[in-house]
There are 2 protein chains.
Amino acid sequence: MDKLACIKVFRHVARLESFTATAIELNTTQGAVSKKIAWLEGDLGFTLFHRNSRKISLTSAGKQYLGFCHELIEKMTLTEQLINKQLSLAVGTLKISAPSAFATQRLAVPIRKFLIANPEVKIDISVDDKHVDLYRDDIDIAIRASYLKDSGLKAKKLLDHDVCYFASPDYLKNNGTPVVPEELSKHTCLTYSLSTTSNVWQINKKKFVVRELVTSDSPEMLVKMAILGCGIAAMPKWMVQESFKMNQLTELFADHQKSSLPMYAVYKNSDYLPYRIRAFVDFIASYFESELAN
Amino acid sequence: MDKLACIKVFRHVARLESFTATAIELNTTQGAVSKKIAWLEGDLGFTLFHRNSRKISLTSAGKQYLGFCHELIEKMTLTEQLINKQLSLAVGTLKISAPSAFATQRLAVPIRKFLIANPEVKIDISVDDKHVDLYRDDIDIAIRASYLKDSGLKAKKLLDHDVCYFASPDYLKNNGTPVVPEELSKHTCLTYSLSTTSNVWQINKKKFVVRELVTSDSPEMLVKMAILGCGIAAMPKWMVQESFKMNQLTELFADHQKSSLPMYAVYKNSDYLPYRIRAFVDFIASYFESELAN
DNA sequence: CCATCACCATTCCAAATTGGAATATCAGAT
DNA sequence: ATCTGATATTCCAATTTGGAATGGTGATGG
């Protein structure tokens with residue numbers, strides 16, 4: 001027997017002080033109401049009503065239990081409404097994970113715009129260059145360079161980075177400047193460990209397996225190592241533009257066609273995706289799209 | 001579908017993070033668990049778990065709802081236990097209604113003893129000479145002279161009052177002092193309106209229908225009227241003993257055999273009578289029984 | 001890369017449960 | 001004493017539920 005259904009019937013009966021009237025109000029039969037109350041009393045172990053062929057009245061235990069039932073139903077309704085609201089409106093706290101360089105240099109501005117457009121959303125951004133587990137760490141959205149290999153996740157492409165290759169002038173002086181990609185085999189490279197194919201570089205639609213000297217999950221670390229002359233690295237252009245200007249780094253294969261590095265917003269797939277997640281993903285994707293157009 | 005049952009299953013699944021393990025723990029099948037969670041999600045309108053052929057994990061909504069479910073089950077268990085405790089132990093507040101003269105002169109002492117013997121019981125005594133409705137006024141126990149005519153009520157006899165007949169010396173001087181009950185027909189009487197047979201007095205096993213001058217639901221009022229010389233009244237002996245001594249009243253038919261007036265403790269009949277009620281009724285009945293023996 | 005495994009969803013059918021209608025029962029009202 | 005209005009009970013049809021088997025899917029390991 002459905003106890004919750006019995007409780008709902010009980011509230012009606014207590015209010016109307018009649019099984020028959022309750023049956024009419026609930027479009028059922030008096031017998032059904034009687035059975036439900038009787039079952040509930042049996043389950044609880046005490047009687048809810050004093051019965052009398054003419055009328056019924058709550059026992060003291062029934063009165064006390066009724067108070068609990070009112071609380072229960074109200075709390076349940078409110079809780080369910082609250083959760084549904086959080087899923088359907090742009091409210092709540094959005095937990096984002098993003099790699100440090102991208103976060104600070106590319107994400108801060110659009111996040112600020114998003115917050116202005118969605119004043120009821122708070123953002124908790126966790127800057128982490130490691131490959132986070134969205135389930136374990138309870139993250140709503142992760143910004144990732146690598147294509148998703150996780151299951152149960154959806155990804156939306158945000159943009160394609162223009163990748164560029166570079167090394168320090170010092171390194172090139174000591175090891176020679178490669179002019180064609182084929183020469184990469186003579187060099188040591190700095191690779192990004194979280195990329196699915198970290199040691200396979202693609203230039204002019206050809207793939208080159210490079211010799212790794214250092215691999216790291218931190219793009220900034222790799223840039224730093226390149227500046228120190230450890231080898232050749234490949235990174236999104238925006239990340240090293242400043243270093244080119246300061247002559248800390250020299251670009252290689254500048255006129256060759258390079259593969260682009262896509263960036264994704266990854267989020268847990270669900271039938272009822274909290275709206276703040278969808279809102280943010282759509283917002284940030286169209287932000288980068290319009291940025292590209294300019 | 002029984003939502004409460006689903007919620008209970010949900011708590012297990014959330015803890016074990018597995019439908020299969022839950023099915024084993026609950027001695028059911030994995031399919032049944034799956035159906036229950038699926039139904040609950042449909043009812044709520046949001047998903048509780050992220051699913052993955054290898055494992056499941058709570059969604060953020062699921063996490064939030066789980067907290068509510070824990071609260072709900074705990075509150076429900078505690079409430080039901082509390083009410084059952086109140087019904088099975090001598091705890092709580094006992095609401096007693098008693099007529100004023102009896103309350104003050106006969107009930108105060110045994111109530112004090114009962115409170116000492118049952119320290120967890122509080123007493124709310126409503127002194128009222130009217131015929132109270134135990135249901136409407138939410139009274140646990142009513143002390144009454146009249147035999148119960150109400151249905152749904154049970155009565156336990158506490159004692160038999162020795163009834164005595166009396167009038168003021170003044171009245172007797174003016175109207176003559178009746179020596180045998182047959183002379184009552186020449187007198188006017190003061191009767192107790194709440195008695196079922198207020199105007200039928202029984203002396204020496206014979207019944208006499210008396211002429212009423214005043215009828216009242218207040219015994220003390222009737223005594224006062226008798227003192228003022230309005231007529232002859234019949235009351236329990238203890239109520240007028242003092243007036244005899246002060247010569248405000250004179251006893252009549254002193255050596256005749258008089259009917260006794262029973263006093264009852266009346267309480268609502270119920271399958272699960274709160275224990276404090278049974279305890280009090282038994283206590284007070286045995287108190288008067290032993291008082292009689294002394 | 002493919003076979004295997006572990007797990008959840010679905011389907012189908014038998015079994016248990018529920019609800020409706022009629023009937024019994026009960027106590028107050030007339 | 002009978003009538004009336006209310007709840008309890010009974011019986012059966014309809015619905016719902018649970019179990020077993022099947023299907024589907026993604027992780028794992030050789």
Side-chain angles (χ1 to χ4, degrees), chain A residues 1-6 8-10 12-14 16-43 47-59 62 131 133-136 148-154 268-271, chain B residues 1-6 8-10 12-14 16-43 47-59 62 131 133-136 148-154 268-271:
Chain A
M1 183 72 88
D2 187 341
K3 188 164 176 176
L4 214 53
C6 293
K8 284 177 184 168
V9 170
F10 168 56
H12 283 270
V13 175
L16 297 172
E17 292 195 316
S18 158
F19 287 23
T20 308
T22 300
I24 294 166
E25 187 165 299
L26 299 179
N27 265 310
T28 180
T29 58
Q30 170 274 126
V33 174
S34 173
K35 280 180 213 169
K36 282 209 156 46
I37 299 301
W39 181 90
L40 186 57
E41 290 178 325
D43 179 70
T47 39
L48 295 167
F49 294 101
H50 291 295
R51 288 152 168 87
N52 181 317
S53 74
R54 216 62 188 170
K55 70 173 190 226
I56 59 171
S57 62
L58 282 166
T59 60
H131 186 95
D133 181 334
L134 275 70
Y135 295 108
R136 193 175 53 89
L148 82 153
K149 275 297 288 178
D150 278 297
S151 80
L153 298 181
K154 284 193 79 171
K268 288 169 276 194
N269 193 13
S270 161
D271 287 347
Chain B
M1 182 72 87
D2 187 340
K3 187 165 178 175
L4 214 53
C6 293
K8 285 177 183 169
V9 170
F10 168 55
H12 283 269
V13 176
L16 298 171
E17 292 196 315
S18 158
F19 286 25
T20 308
T22 300
I24 293 167
E25 187 165 299
L26 299 180
N27 264 311
T28 181
T29 57
Q30 169 271 126
V33 174
S34 172
K35 280 180 212 168
K36 282 209 155 46
I37 298 300
W39 181 91
L40 186 57
E41 290 179 325
D43 180 69
T47 42
L48 296 167
F49 294 102
H50 291 294
R51 287 151 169 87
N52 181 317
S53 73
R54 211 63 189 169
K55 68 174 192 227
I56 59 171
S57 62
L58 282 166
T59 60
H131 186 94
D133 180 336
L134 275 70
Y135 295 107
R136 194 175 51 89
L148 81 154
K149 275 298 286 176
D150 278 298
S151 81
L153 298 182
K154 284 193 78 170
K268 287 169 277 195
N269 193 13
S270 161
D271 288 347

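Here is the naming used below: chain letters follow the sequence lines, and residue numbers restart at 1 for every chain.
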Please list, one pair per line, the donor and acceptor atoms closer than 3.5 Å that link side chains of residues 25-42 of chain A to other protein atoms, with sequence neighbours excluded.
{"residue": "A:Glu25", "atom": "OE2", "partner": "A:His12", "partner atom": "ND1", "Å": "2.9"}
{"residue": "A:Glu25", "atom": "OE2", "partner": "A:Arg15", "partner atom": "NH2", "Å": "2.6"}
{"residue": "A:Thr29", "atom": "OG1", "partner": "A:Ala32", "partner atom": "N", "Å": "3.4"}
{"residue": "A:Glu41", "atom": "OE1", "partner": "A:Arg51", "partner atom": "NH1", "Å": "3.4"}
{"residue": "A:Glu41", "atom": "OE1", "partner": "A:Arg51", "partner atom": "NH2", "Å": "3.0"}
{"residue": "A:Glu41", "atom": "OE2", "partner": "A:Leu48", "partner atom": "N", "Å": "2.7"}
{"residue": "A:Glu41", "atom": "OE2", "partner": "A:Phe49", "partner atom": "N", "Å": "3.3"}
{"residue": "A:Glu41", "atom": "OE2", "partner": "A:Arg51", "partner atom": "NH1", "Å": "3.1"}

Atom-to-atom span, [atom1] of [X] to [atom2] of [N] - whole angstrom:
X       : N      : atom1 : atom2 : answer
B:Ile24 : D:dG19 : CD1   : P     : 13 Å
B:Leu40 : D:dT17 : CG    : P     : 13 Å
B:Trp39 : D:dT15 : CH2   : C1'   : 15 Å
B:Gln30 : C:dA6  : CD    : P     : 14 Å
B:Phe49 : C:dA9  : CZ    : C1'   : 15 Å
A:His12 : D:dT7  : NE2   : C1'   : 19 Å
B:Leu16 : C:dC7  : CG    : P     : 12 Å
A:Phe19 : C:dC26 : CZ    : C1'   : 14 Å

**Request:** Drop me the distance from A:Ser57's OG to A:Glu17's CD, to the nearest 0.5 angstrom.
**Result:** 7.0 Å

Residues that [X] engages under side chain to side chain donor-acceptor pair (under 3.5 Å), provided they are two or more places apart:
X        : answer
B:Lys268 : none
B:Thr47  : A:Ser270
B:Asn269 : none

**Request:** Would you kindly compare B:Gly31 and A:Arg51 by the position of their nearest DNA chain D nucleotide and give the one closer to the 5′ end?
**Result:** A:Arg51

**N or O in side chain of B:Thr20 less than 4.0 angstrom from C:dC8 OP1/OP2** =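 Yes.
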
**Request:** Establish, with yes or no, whether the OP1 or OP2 oxygen of C:dT10 is under 4.0 angstrom from a side-chain nitrogen or oxygen of B:Ser34.
**Result:** no

Where do N or O atoms of nucleotides 13-19 of chain C meet protein N or O atoms at under 3.5 Å, pair by pair?
{"residue": "C:dT18", "atom": "OP1", "partner": "A:Met1", "partner atom": "N", "Å": "2.7"}
{"residue": "C:dG19", "atom": "OP1", "partner": "A:Lys36", "partner atom": "NZ", "Å": "3.0"}
{"residue": "C:dG19", "atom": "OP2", "partner": "A:Lys36", "partner atom": "NZ", "Å": "2.9"}
{"residue": "C:dG19", "atom": "N7", "partner": "A:Lys35", "partner atom": "NZ", "Å": "3.1"}

**B:Asp43 with B:Lys3: basic N within carboxylate O range, under 4.0 Å** =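 Counted as a salt bridge, because a side-chain N and a carboxylate O are separated by less than 4.0 Å.
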
**Request:** Could you tell me which residues satisfy side chain to side chain contact (heavy atoms under 4.5 Å, CB included) with B:Asp133, sequence neighbours excluded, listed by chain and number?
**Result:** B:Tyr135, B:Arg136

